[in-house]
**Student:** 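Supplied in structure tokens, the structure appears directly below.
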Amino acid sequence: MRIEKIDFDLLFISCTKVHLAKRLHALLVVSGKVRDLFISTRLVNLYSYLGDVSFSRRTFNQIPKKDIYTWNSMISAYVRTGRFHEALYCFHQFSFTSGLQPNFYTFPPVLKACGNLVDGKKIHCQVLKLGFQWDIYVAASLIHMYSRFGFVAVARKLFNEMPVRDIGSWNAMISGLCQNGNATEALDVLNEMRLEGENMDPLTVASLLTVCAQSNDMLSGMLIHLYVIKQGLEFDLLVSNASINMYAKFGCLANALRVFNQMDATDLVSWNSIIAAYEQNDDPKTALGFFNKMQQIGIQPDLLTLLSLASIVAQLADCQKSRSVHGFILRRGWVTENVAIGNAVVDMYAKLGAINSARNVFEELPTRDVISWNTLITGYAQNGLANEAIEVYNTMEECEEIIPNQGTWVSVLPAYSHLGALQQGMKIHGGVIKNNLHMDVFVGTCLIDMYGKCGRLDDAMSLFYQVPRENSVPWNAIISCLGLHGHGEKALKLFEEMLDKAVKPDHVTFVSLLSACSHSGLVEVGKHYFHVMQERYRIKPSYKHYGCMVDLLGRAGHLETAYDFIKSMPIEPDASIWGALLGACRIHGNVKLGKFASDRLFEVDSENIGYYILLSNIYANSGKWEGVDKVRSLARDRGLRKTPGWSSIEINNRVDVFYTGNQTHQKYQEICIELKVMTAKMKSLGYIPDFTFVLQDVEEDEKEEILTSHSERLAIAFGIISTPPRTPIRIFKNLRVCGDCHTATKYISKITEREIIVRDSNRFHHFKDGTCSCGDYW
DNA sequence: CTAGGGTTAG
């Protein structure tokens with residue numbers, strides 16, 4: 001008898017795969033042993049442990065007279081495999097058809113299923129009636145279930161009243177608090193537990209490390225990890241996985257890697273965690289390396305792996321891999337199963353610039369949540385398609401079941417900033433207030449950016465002083481706005497104020513600050529802060545910082561210093577760096593260095609038309625027409641076409657866009673008449689058209705027409721005839737303001753006695769009474 | 001032979 005039992009245990013234990021279980025099952029059927037309730041119940045369990053719950057059910061159905069063991073096994077088989085609906089349905093079947101009474105073993109799985117679906121108050125009543133409330137397993141399940149629904153107080157009361165507690169009860173309480181984000185109280189309970197002489201086990205640690213990561217409590221996290229090492233728990237699978245995640249959230253990749261490397265057994269969660277760690281800390285290459293290694297050792301990726309992978313290929317800008325990632329996800333049918341994975345694919349295509357593919361995937365999604373919409377809006381906005389972003393937002397507004405959240409405002413507001421659509425942006429501001437999110441740091445910052453970039457610096461400032469300012473985000477935005485408007489000194493003052501308030505500046509702060517210095521010609525100050533950034537704040541300069549420095553030195557005319565600066569950079573200069581030098585050469589008319597810079601530039605990026613135009617303008621400026629021709633034909637040979645320039649103006653809630661030479665506007669005739677009158681008045685005041693940048697092979701009279709048909713000229717003229725006298729005019733354009741338009745606009749501001757504010761791709765130009773506040777660089 | 005508390009997510 002005893003020997004036979006051991007044999008069965010061995011048989012069951014040795015079945016580690018479904019096909020082995022099936023062979024054992026067949027053997028048991030042949031030998032007639034399957035008629036034994038004892039044996040068949042074990043089969044029900046075996047199949048569920050191997051993940052195949054349908055075979056559990058089939059075996060279960062073939063058992064003619066089921067006892068309480070069999071029912072309990074079937075219910076927990078469903079719970080084990082995550083089939084919570086089926087588990088509850090099975091429990092109902094049991095209650096109504098079996099005629100049996102549930103026992104202590106029945107409730108924990110049932111309560112777990114409730115925790116994932118519906119509030120289990122009714123089950124709790126049944127537990128009370130049967131007097132099972134203080135069984136430690138049942139009680140832990142109740143605590144867990146109530147915590148899942150946020151009834152932490154109920155859970156806490158139950159926990160406090162428990163006559164006997166074990167480590168499982170403490171874990172249930174601590175994890176309940178952790179899952180509700182209540183780190184402080186969780187740590188309090190932990191202290192109580194230690195006072196009662198109970199030690200943490202791997203499960204306690206896993207919960208606590210997770211909540212430390214969420215609440216950014218690095219100190220407690222480290223202390224717990226120290227304790228882990230002291231207790232010898234550091235090699236535990238669960239503890240290690242949770243540690244990797246925590247260190248990744250804190251950005252300590254070295255620690256995450258150390259934990260991963262010292263593990264003696266890893267599972268899918270470990271691999272997903274280390275891959276996500278690198279993916280989320282902007283190291284897609286290493287992340288991909290881990291993914292490859294994981295495949296080599298034969299671990300199958302799951303949905304979460306692919307979520308990371310989609311982001312990795314987007315960061316690597318690898319279009320080919322992106323299609324295989326999409327294909328893999330489609331073959332597994334995961335898109336229909338989970339919204340998040342579909343959203344990740346939309347995001348991946350959008351980040352790769354394949355916005356149409358992103359749109360197609362979005363249209364095909366079986367269900368869309370608010371994040372799907374936010375992802376698409378952000379995708380359009382980040383690809384420079386602000387109008388499309390707004391259109392998508394408007395479509396979303398029509399879906400009643402989708403409620404905009406913080407992410408929605410953060411994704412759509414930059415589109416209004418981009419277009420300079422102040423009045424429409426203000427409508428969004430209204431919507432934000434209605435949703436009570438205007439005091440949210442991120443939304444507030446987008447609003448600051450929107451008002452700043454739409455020319456309302458005062459409104460941006462007053463909003464800035466309303467939002468919470470504990471972190472750097474709003475400070476960065478306002479410093480950047482001040483820089484754009486040419487208020488370098490004020491930007492510096494705000495930076496000092498930020499330090500006074502003990503707000504820690506980050507890499508973005510310094511980009512804003514350095515570009516503010518460069519816009520206002522504050523060379524020495526800029527150099528000083530570039531050093532402060534590295535010495536005091538230990539921030540490694542990125543391309544953006546180097547670009548700002550080259551711009552700062554170059555704009556101020558220190559072209560050689562700028563070039564020396566580039567030579568001293570520890571990283572290989574990219575297109576943005578050479579572009580900054582080229583731009584400076586253009587301002588100061590340095591043909592030789594300009595040619596050199598553009599040669600380097602075309603080595604790293606030969607596709608950007610803007611740089612060809614810059615170089616051709618340098619040649620044109622010094623009358624070197626062969627140079628102009630050469631650059632132009634070079635660009636033509638490479639199949640590059642000039643980006644069409646446009647300017648927009650918002651009048652009565654409507655944004656009108658003008659392209660250069662565009663004659664289709666309904667008020668075109670009136671605009672022409674206004675421009676003619678204006679040009680005559682300007683000339684009488686001493687205006688001389690500057691044809692430097694117009695092709696030299698055009699007839700004289702045509703040249704002037706080209707200048708007067710520049711998009712900003714059209715937009716300004718339209719503004720003058722469509723708004724009351726002396727009111728300010730705000731213009732937005734995608735390219736830089738050209739030299740002639742800059743001069744002309746000064747005259748126009750004097751003649752019409754209007755303030756004219758032009759935002760170009762670089763900065764703001766405030767024209768007033770014949771002068772421009774931005775100095776004379778454009 | 002049946003039970004609780006745990007780690008990765010856009």
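These figures come from a predicted structure and were not determined experimentally. Just so you know, these numbers use all the heavy atoms, side chains as well, and skip hydrogens, waters and symmetry mates. Chain naming here is simple, since letters A, B, ... match the order of the sequence lines and numbering starts at 1 in each.
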**Student:** Other residues, nucleotides and ligands only: do more than 12 of their heavy atoms fall within 6.0 Å of CD on Glu337(A)?
**Tutor:** yes

**Student:** With hydrogens left out and only the distance checked, is there a donor-acceptor pair under 3.5 Å joining Asn171(A)'s side chain and the base of dG4(B)?
**Tutor:** no

**Student:** To the nearest Å, give me how far apart CG (Asn241(A)) and C1' (dT8(B)) are.
**Tutor:** 8 Å

**Student:** Among dT2(B), dG10(B), dT7(B), which nucleotide has an atom closest to any side-chain atom of Asn245(A)?
**Tutor:** dT7(B)

**Student:** For the pair made of OH in Tyr49(A) and P in dC1(B), what is the distance, rounded to whole Å?
**Tutor:** 12 Å

**Student:** Quick one: is dA9(B) close enough that its OP1 or OP2 comes under 4.0 Å of any side-chain N or O from Lys249(A)?
**Tutor:** yes

**Student:** To the side chain of Arg80(A), which of dG4(B), dG10(B), dA3(B) is closest?
**Tutor:** dA3(B)

**Student:** In whole angstroms, how far is the P atom of dT7(B) from the CG atom of Leu237(A)?
**Tutor:** 13 Å

**Student:** What's the closest nucleotide to the side chain of Leu203(A) if the choices are dG10(B), dA3(B), dG5(B)?
**Tutor:** dG5(B)

**Student:** Ignoring backbone atoms, test whether Gln179(A) places a side-chain nitrogen or oxygen under 4.0 Å from the OP1 or OP2 oxygen of dT7(B).
**Tutor:** yes

**Student:** To the nearest Å, how far apart are Arg35(A) CZ and dC1(B) C1'?
**Tutor:** 19 Å

**Student:** Please determine whether a side-chain nitrogen or oxygen atom of His144(A) lies at a distance below 4.0 Å from atom OP1 or OP2 of dG4(B).
**Tutor:** no

**Student:** What's the closest nucleotide to the Tyr69(A) side chain, out of dG10(B), dT2(B), dG5(B)?
**Tutor:** dT2(B)

**Student:** Nearest to the Asp201(A) side chain among dG4(B), dT7(B), dG5(B), which nucleotide is it?
**Tutor:** dG5(B)

**Student:** What is the distance, to the nearest angstrom, from the CZ atom on Arg368(A) to the C1' atom on dG10(B)?
**Tutor:** 16 Å

**Student:** Of the options dG5(B), dG10(B), dT2(B), whose atoms approach the side-chain atoms of Gln280(A) most closely?
**Tutor:** dG10(B)

**Student:** Just checking, any donor-acceptor pair under 3.5 angstrom between side chains of Ser48(A) and Asn45(A)?
**Tutor:** no

**Student:** Is the cationic atom of Lys121(A) (NZ for Lys, CZ for Arg) positioned less than 6.0 Å from the six-membered ring centroid of Phe151(A) and within 45 degrees of its normal?
**Tutor:** yes

**Student:** Could you tell me whether the side chain of Asp369(A) has a donor or acceptor atom within less than 3.5 Å of a complementary atom in the base of dG10(B)?
**Tutor:** yes

**Student:** Tell me which nucleotide among dG5(B), dG4(B), dA3(B) gets nearest to the side chain of Ser169(A).
**Tutor:** dG4(B)

**Student:** Taking the six-membered ring of Phe290(A), is the NZ or CZ of Lys293(A) close enough (under 6.0 Å from the centre) and on axis enough (within 45°)?
**Tutor:** yes

**Student:** Is the closest basic N to carboxylate O distance between Glu86(A) and Arg57(A) below 4.0 Å?
**Tutor:** no

**Student:** Of the nucleotides dA9(B), dT2(B), dG10(B), which has the atom closest to the Asp347(A) side chain?
**Tutor:** dG10(B)

**Student:** Which nucleotide in the list dG10(B), dT2(B), dT8(B) gets nearest to the side chain of Val339(A)?
**Tutor:** dG10(B)

**Student:** Which one, dG10(B), dA3(B), dG4(B), comes nearest to the side chain of Ile371(A)?
**Tutor:** dG10(B)

**Student:** Can you measure from CG (Leu37(A)) to CD1 (Ile63(A)) and round to the nearest 0.5 angstrom?
**Tutor:** 6.0 Å

**Student:** Just how far, in rounded Å, is C1' of dA3(B) from CD1 of Ile123(A)?
**Tutor:** 15 Å

**Student:** Look at the side chain of Asp135(A) and the base of dG4(B), then say whether one donor and one acceptor between them are separated by less than 3.5 Å.
**Tutor:** no

